[in-house]
Every structure is written in structure tokens, then in C-alpha cells.
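In what follows, every chain begins at residue 1, and chains take the letters A, B, ... in the order their sequences are listed. The figures that follow rest on heavy atoms only: side chains count, while hydrogens, waters and symmetry mates do not.
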There are 2 protein chains.
Amino acid sequence: MSCASEYAPQLRSRGYRITPQRMAILHVLRHSGEHLSPRDVYQKAKKDFPRLTEPTVYRTLEFLVRNGLARPAQAGNGRLRYQLATGDHHHIVCRGCGDEIEVEHSLLESLYRKMESTSGYKRIDSHVTFFGVCPECQQP
Amino acid sequence: MSCASEYAPQLRSRGYRITPQRMAILHVLRHSGEHLSPRDVYQKAKKDFPRLTEPTVYRTLEFLVRNGLARPAQAGNGRLRYQLATGDHHHIVCRGCGDEIEVEHSLLESLYRKMESTSGYKRIDSHVTFFGVCPECQQP
DNA sequence: AACGTTATTGTAAAAACTTGCAACAAGGAA
DNA sequence: TTCCTTGTTGCAAGTTTTTACAATAACGTT
């Protein structure tokens, strides 16, 4: 699969290994849309690689996040969902009706740079869900 | 306990009920510091009110968040911790070691105002966890 | 003070997630 | 190609969090 050739060098060069489990999970993240729960990933990746187990999925997702290949997205309830670390955008969810719109990542760029300089942290870059009240729900 | 008189009116006026479970949990949040896990809260509050059960703790914490009395803070691994909703701040979690620091809410104010004007949403205001790499983990 | 409504809780069981450890296999070296 | 090292995985058992529903109790009303 073409995914492998793209991600493998990044991992191998840091001393990590390329395994079919990791490739299957990357493949799912790449081709199955955004905001996938660990269970989503498990069920889909299992089709590619049936010996896959759930603990491996959890460990791999964490691993991919640590290495910047995936990004965690917070669902409303605190459970983590995952997606590939590209095509960056965020969401605002209406507290009233649950309606959801996207926010360009560029809006957050300057905030990130400001946080980096005041905190000493680098590579701040996160998928974020904000909450607000949409125009319709603002009517009395 | 003095906690009750402070929070009770807020809840009662919205049609919610004052229960010893809720009071015990608020008491814990008030007097046991920040970033408490549901289990921390359970074990401490149980001393005040031994009939307390774990599902009640989870439900009550969520309830307090919905009503603005408590605030969730994400630990590095995605597990939620809770604290009283005062002194608004956010977190940056290090992707490497999980270390965590606070970010002043004021840093985000202008972003929120900008998002409100471009999106039409109002009252945007969220507790957010960002991810980055802390100074120690930036060493090669 | 007793009553009724209905928000809230406890119970029990399931689902989601984590951990420890022995077995395995990726990839460099011989 | 075969051997070794050690990063990864599977297994099994633990812990944490959620769910469904019947029982309970807060509190406005009588």
C-alpha cells in the first residue's frame, strides 16, 4: 500500500519499527475520514490485518500522536478520537442544538505562536472543539 | 456545611435538587485542590457520605460541568479530571512526557472574539487542552 | 404534616480502556 | 541467509467509565 512508503521513513529514522499493525492503522486513518474512535479504528483495521488486537490499537494511536503522525480530537464527553495530522481545522459546537461548524486553523496560528513564546513549549498544534451558541439558538 | 448555602440557590433556581451526594462532591472539589480524578472524588466524598456510589460521582461531575460549577481538565492520556470552576485557565500537555502547564484564559479572549465575529456564534468559551512538546523533551 | 411529581440515586452488568509479562518479529550485523 | 537485539504485540486480567432501569427521596403543593 502506498501509505507505507510515505510514513515508514519517518518512523524508521527514529529507531521505531514498521509493523503491519501500524500500517493498517495508518491506512484506516488515511482513508476513513476524521474523528475516529479507537473502536472505529480497531474494527476497520482488523479487516486488513485480522490478528490485530484492541490494546495494540490504543497503544498505536498514542504512539502515532507522540510522533506527530496523528492528532487527538476531543469529543464533547472527553473521549478521545483520532485523525491524521493534516488538513487542520477545528469545530464550534452549539450548546443549544449541537449544530457544528468548522474554524480555519489559521485563526489559531497566532495564538499558538504566542503560547509557545510564553510557555517554552514547542510544536503546539492541536485539534480543538469549542462550544458556543449558534445564531438560531440566540433567538429568545 | 458552608458549601451548601453557596451553591444550593444556583441549582435550586434552575429546578435541580440539593442532595447530600452533590453537596459531598462539591465539598471535596472545594477543599481538595485541583485536577481530581473521578476516583479521587469518589474516595474522598465517600467519607462524608458512605452510601455514595461511583456512577453517581461520574454523573454528578458531568452535571456540575453542565451547570458551570465545575470544569473538566484533560490529563495527557485523555482521562478527565475535575476542579471547581474558578480562575479560568487551560492546559498544554507535552506529547513526550505528559507534563502539563497552565495557560491564562486571557490569552484566548481575543481568539474567541474573533471567532464570534467570523462565525456568528456567541458565548464561545471552552476549557481547552493543547498539545505541544515541553522544553525538556525538545532535547535531542 | 402528608402527598405526589419527577429529578436523582443505587444496582448490576456491560463497554471502554489499561497493564504486566511472555512470546514474537523487524531490521541491523555477521 | 542466519543470528541477535530489542521494540512490539497478543494474551489475560485488571481498572475505569457508561448504561438501563427500578427504587428512592427532594421539595412544591395541599
Worksheet item: What are the two closest heavy atoms between B:Ala70 and B:Leu29, and how far apart are they?
Response: CB-CD1, 4.2 Å
Response to the item:
Here the distance between atom C1' of D:dT9 and atom CD of A:Glu62, to the nearest Å, is 15 Å
Discussion item. So, under a plain 3.5 Å distance rule, would you say the side chain of B:Arg59 forms a donor-acceptor pair with the base of C:dG10?
Written reply: yes
Worksheet entry | Nearest-nucleotide pick for A:Arg22, side chain only, options being D:dT8, D:dG10, C:dT9 | D:dT8
Item to complete: Please report, rounded to the nearest Å, how far the C1' atom of D:dT8 is from the CG atom of A:Leu11.
Response: 13 Å
Worksheet item: In whole Å, what is the span from the CG atom of A:Leu61 to the P atom of D:dT8?
Response: 15 Å
Worksheet item: What is the minimum heavy-atom distance between A:Ala24 and A:Asp48, and which atoms define it?
Response: CB-CB, 4.1 Å
Response to the item:
Regarding the side chain of B:Tyr16, the nearest nucleotide among C:dT8, D:dT9, C:dG10 is C:dT8
Worksheet item: Please give, in whole Å, the distance from C:dA16 C1' to A:Tyr82 OH?
Response: 12 Å
Response to the item:
Rounded to whole Å, OH of A:Tyr58 lies from P of D:dT15 at a distance of 18 Å
Discussion item. Base, sugar-phosphate or nothing for A:Glu54? Non-hydrogen atoms, less than 4.0 Å.
Written reply: nothing
Worksheet item: Under 4.0 Å between a side-chain N or O of A:Thr56 and OP1 or OP2 of D:dT9?
Response: no
Response to the item:
For A:Arg81 and A:Ser37, the nearest pair of non-hydrogen atoms, with its separation, is NH1-N, 3.5 Å
Fill in: Side-chain donor/acceptor of B:Arg17 to base of C:dT6, under 3.5 Å
yes
Discussion item. Using OP1 and OP2 only, check whether a side-chain N or O of B:Gln21 sits under 4.0 Å from D:dA25.
Written reply: no
Practice prompt. Ignoring backbone atoms, establish whether B:Arg51 has a side-chain N or O less than 4.0 Å from OP1 or OP2 of D:dA25.
Written response: yes
Discussion item. Both B:Pro20 and A:Arg12 contact DNA chain C. Taking the nearest nucleotide for each, which residue is further toward the 5' end?
Written reply: B:Pro20
Item to complete: Grab the CG-C1' distance between A:Leu80 and C:dA16 for me, whole Å please.
Response: 12 Å
Discussion item. Testing the basics here: between A:Leu61 and A:Ile25, what is the closest heavy-atom pair and its distance to 0.1 Å?
Written reply: CD2-CG2, 4.1 Å
Worksheet item: With a non-hydrogen cut-off below 4.0 angstrom, is B:Pro38 in contact with a base, only sugar-phosphate, or nothing?
Response: sugar-phosphate
Fill in: Over all atoms of both residues, closest heavy-atom pair of A:Val57 and A:Leu52
CG2-CD2, 3.7 Å
Worksheet item: Where the side chain of A:Thr53 is concerned, which of D:dG10, D:dT9, C:dT18 is the nearest nucleotide?
Response: D:dG10
Worksheet item: Looking at D:dA25, D:dT9, C:dT9, which one has an atom nearest to any side-chain atom of B:Thr19?
Response: C:dT9
Worksheet item: Atom CG of B:Leu36 and atom P of D:dT17: how far apart are they, to the nearest Å?
Response: 13 Å
Practice prompt. Measure from CZ on A:Phe49 to P on C:dA25 and round the result to the nearest Å.
Written response: 9 Å
